[in-house]
Amino acid sequence: MKRSRWYAIRVAPGYQRMAAVDERLPESRRMESIIERNCRKDGFDIFMPSFYTELRHHRKILQKWFPFLVGYAFVNLPRLNFEELRRVDGVVCFLRGANYGPLEFPDGTIEALYFADHERRQAFLYEQHCRKENERHEQIQHLRGQLRKILPNGRKARVSMVEQAERTIDSLSPQIKERVQKSISGLNSLTADEEVVNLRKAV
């Protein structure tokens with residue numbers, strides 16, 4: 001089995017941008033850059049440390065991707081086929097060492113970068129999950145608050161909103177009933193708890 005031999009390449013400007021989405025590729029490659037796609041298409045094993053972040057823009061959450069090392073990536077060349085790699089679109093040159101030849105990086109360095117890349121990606125996924133859960137909880141509380149304002153007051157603490165809706169839904173005006181139905185629909189898309197399912201049936 002051939003050992004790994006990692007070299008740093010200089011990437012042409014603009015080739016570290018995200019490549020166009022290609023639905024034919026596996027899920028793991030949907031977020032790759034142009035240089036990564038070009039290298040993999042030609043059979044080269046490439047690693048470009050990167051990280052993701054979310055930015056708020058006009059009430060929208062945008063997912064942005066950035067390379068750790070702007071202008072550089074690592075390619076594994078166990079066959080030392082430097083000339084073949086130089087012909088890949090987006091590859092400018094190799095990072096050279098003191099002997100003026102391509103500088104080889106030890107496996108330990110690449111493994112440390114892999115670990116940092118993986119750790120940052122997991123942190124991003126966790127932060128994204130927490131944000132989505134907080135937003136979902138806020139939406140649920142907002143919709144339940146709307147229902148409390150619409151439904152008649154005076155229900156006992158032990159009487160659920162479901163029971164209250166079952167008792168009063170038919171007495172509501174068509175306009176109010178429509179608002180209740182919209183709130184229930186929104187709640188049902190956010191949670192699958194038994195109360196929402198029963199309330200939807202009541203409406």
Side-chain angles (χ1 to χ4, degrees), residues 1-136 138-139 189-190:
M1 184 176 179
K2 295 180 180 178
R3 72 180 183 89
S4 298
R5 304 192 72 160
W6 290 94
Y7 298 88
I9 58 170
R10 186 80 171 89
V11 181
Y15 280 78
Q16 286 183 306
R17 296 194 320 265
M18 298 299 298
V21 176
D22 187 344
E23 299 295 339
R24 298 169 297 179
L25 295 174
E27 187 67 29
S28 60
R29 290 188 55 188
R30 297 286 172 83
M31 298 290 285
E32 65 187 357
S33 65
I34 297 172
I35 188 63
E36 288 174 307
R37 181 167 298 177
N38 290 349
C39 285
R40 288 167 182 156
K41 178 172 62 71
D42 288 346
F44 292 101
D45 183 15
I46 183 172
F47 170 53
M48 190 168 66
S50 58
F51 66 95
Y52 298 87
T53 188
E54 289 185 333
L55 303 175
R56 188 176 294 276
H57 181 70
H58 298 301
R59 297 185 179 181
K60 290 184 178 181
I61 299 295
L62 302 178
Q63 188 179 101
K64 294 290 186 179
W65 171 95
F66 299 97
F68 269 131
L69 303 171
V70 177
Y72 292 93
F74 298 93
V75 180
N76 183 24
L77 295 175
R79 295 190 293 112
L80 303 180
N81 46 339
F82 300 106
E83 291 305 318
E84 291 180 30
L85 182 61
R86 284 193 181 97
R87 291 194 289 270
V88 173
D89 189 25
V91 175
V92 176
C93 62
F94 288 91
L95 186 64
R96 297 185 176 276
N99 62 351
Y100 299 101
L103 178 63
E104 183 175 346
F105 287 80
D107 287 345
T109 300
I110 302 301
E111 288 171 1
L113 289 171
Y114 261 116
F115 179 78
D117 179 89
H118 176 75
E119 190 176 53
R120 183 65 189 91
R121 190 162 305 191
Q122 293 305 308
F124 166 75
L125 292 174
Y126 177 73
E127 293 167 3
Q128 186 183 58
H129 171 75
C130 291
R131 177 186 61 77
K132 289 181 177 179
E133 280 299 300
N134 288 336
E135 290 178 352
R136 187 176 73 90
E138 290 174 2
Q139 291 173 352
S189 67
L190 293 168

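Every heavy atom of this structure was used, including side-chain atoms; hydrogens, water molecules and symmetry mates were not.
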To the closest 0.5 Å, what do you measure between [atom1] ([X]) and [atom2] ([Y])?
{"X": "Tyr72", "Y": "Ile35", "atom1": "OH", "atom2": "CD1", "value": "13.5 Å"}
{"X": "Leu125", "Y": "Cys130", "atom1": "CG", "atom2": "SG", "value": "11.0 Å"}
{"X": "Ile9", "Y": "Phe44", "atom1": "CD1", "atom2": "CZ", "value": "9.5 Å"}
{"X": "Leu69", "Y": "Phe74", "atom1": "CG", "atom2": "CZ", "value": "5.5 Å"}
{"X": "Arg40", "Y": "Asp45", "atom1": "CZ", "atom2": "CG", "value": "7.5 Å"}
{"X": "Trp6", "Y": "Leu103", "atom1": "CH2", "atom2": "CG", "value": "14.5 Å"}

Using every non-hydrogen atom in the two residues, find where [X] and [Y] come nearest and quote the distance to one decimal.
{"X": "Asp107", "Y": "Ser4", "value": "OD1-CB, 3.6 Å"}
{"X": "Cys39", "Y": "Val91", "value": "SG-CG2, 4.5 Å"}
{"X": "Ile46", "Y": "Ala73", "value": "CD1-CB, 4.0 Å"}

Counting only pairs under 3.5 Å, give me each side-chain donor-acceptor contact of residues 110-123, with atom names and distances, residues two or more places apart or in other chains.
from: Asp117; atom 1: OD1; to: Ser50; atom 2: N; distance (Å): 2.8
from: Arg121; atom 1: NH2; to: Ser50; atom 2: OG; distance (Å): 3.3

Electrostatic pair Glu135:Lys132 at N-O distance under 4.0 angstrom: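 No, Glu135 and Lys132 are not salt-bridged.
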side-chain hydrogen bond (donor to acceptor under 3.5 Å, both in side chains) partners for Arg10, two or more places apart: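 So Arg10 forms no side-chain hydrogen bond (donor to acceptor under 3.5 Å, both in side chains) with any residue.
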Sub-4.5 Å side-chain heavy-atom contact between Arg17 and Ser33: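 Not in contact.
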Min side-chain heavy-atom separation Leu80-Tyr7 under 4.5 Å: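 Yes, side chains in contact.
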Salt bridge (charged side-chain N to carboxylate O under 4.0 Å, His left out) between Glu83 and Arg87, worked out: CA-CA 7 Å; Glu83 291 305 318; Arg87 291 194 289 270; 5.2 Å; no
Sidechain-backbone polar pair: Asn38 side chain, Asp89 backbone, donor-acceptor under 3.5 Å: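 Looks like yes, one N/O pair under 3.5 Å.
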Backbone N/O of Gln16 and side chain of Glu36: donor-acceptor pair under 3.5 Å: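 The answer is no, because no donor-acceptor pair under 3.5 Å joins these two groups.
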Over 12 non-hydrogen atoms of neighbours within 6.0 angstrom of OH in Tyr126: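 No.
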